Amino acid sequence: MPTETRNAALRYWMAFADMQDPPADEATRKLLESTVSGDIPWDEAKLGALIQQNDAAIQEMQRAAELPDCDWVLSTVRVRVRPSRS
């Protein structure tokens with residue numbers, strides 16, 4: 001497998017960029033928190049649409065999880081900023 005196709009980091013990055021934010025209302029936030037913490041069971045009628053709207057991102061993450069490497073290369077990234085010349 002070519003090196004550039006072995007790294008899951010790019011696929012994860014694309015999936016995160018594709019994800020839709022959940023509704024910002026307090027009731028949905030509390031429902032999500034309670035569900036994730038295991039306090040209440042999953043409610044498909046109330047939360048299923050959140051999964052559906054993120055289906056493409058979830059599938060991309062599943063494909064990324066099958067790749068052998070995940071290197072974000074954060075320690076070697078250098079940003080050079082040139083002062084603007086006015």
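All values derive from a computational prediction rather than experimental measurement.
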On a heavy-atom basis, the closest approach of C70 and A9 is SG-N, 3.8 Å
Can you name the residues that form a side chain to side chain donor-acceptor pair (under 3.5 Å) with E26, not counting sequence neighbours? R29
Listed once per pair and sorted, the salt bridge (charged side-chain N to carboxylate O under 4.0 Å, His left out) pairs that draw on residues 10-19, sequence neighbours left out: R11-E60
Closest non-hydrogen atoms of A8 and A64, given as atom of the first, atom of the second and distance, are CB-O, 3.2 Å
Sequence-distant partners of D55, side chain to side chain contact (heavy atoms under 4.5 Å, CB included), two or more places apart: Q59
Looking only at heavy atoms, which two atoms of S34 and S37 are closest? And how far apart? O-OG, 3.1 Å
CE of M61 to CE of M19: how many Å apart, nearest 0.5 Å? 4.5 Å
Point-to-point distance, once rounded to the nearest 0.5 Å, from CZ of R6 to CG of L67: 9.0 Å
Cluster partners of L47, using ILVMFWY side-chain heavy atoms under 4.5 angstrom, listed by chain and number? L31, L32, I40, W42, L50, I51, I58
Who passes side chain to side chain donor-acceptor pair (under 3.5 Å) against T28, sequence neighbours left out? D25
Would you please name every residue forming a side chain to side chain contact (heavy atoms under 4.5 Å, CB included) with A65, sequence neighbours left out? Y12
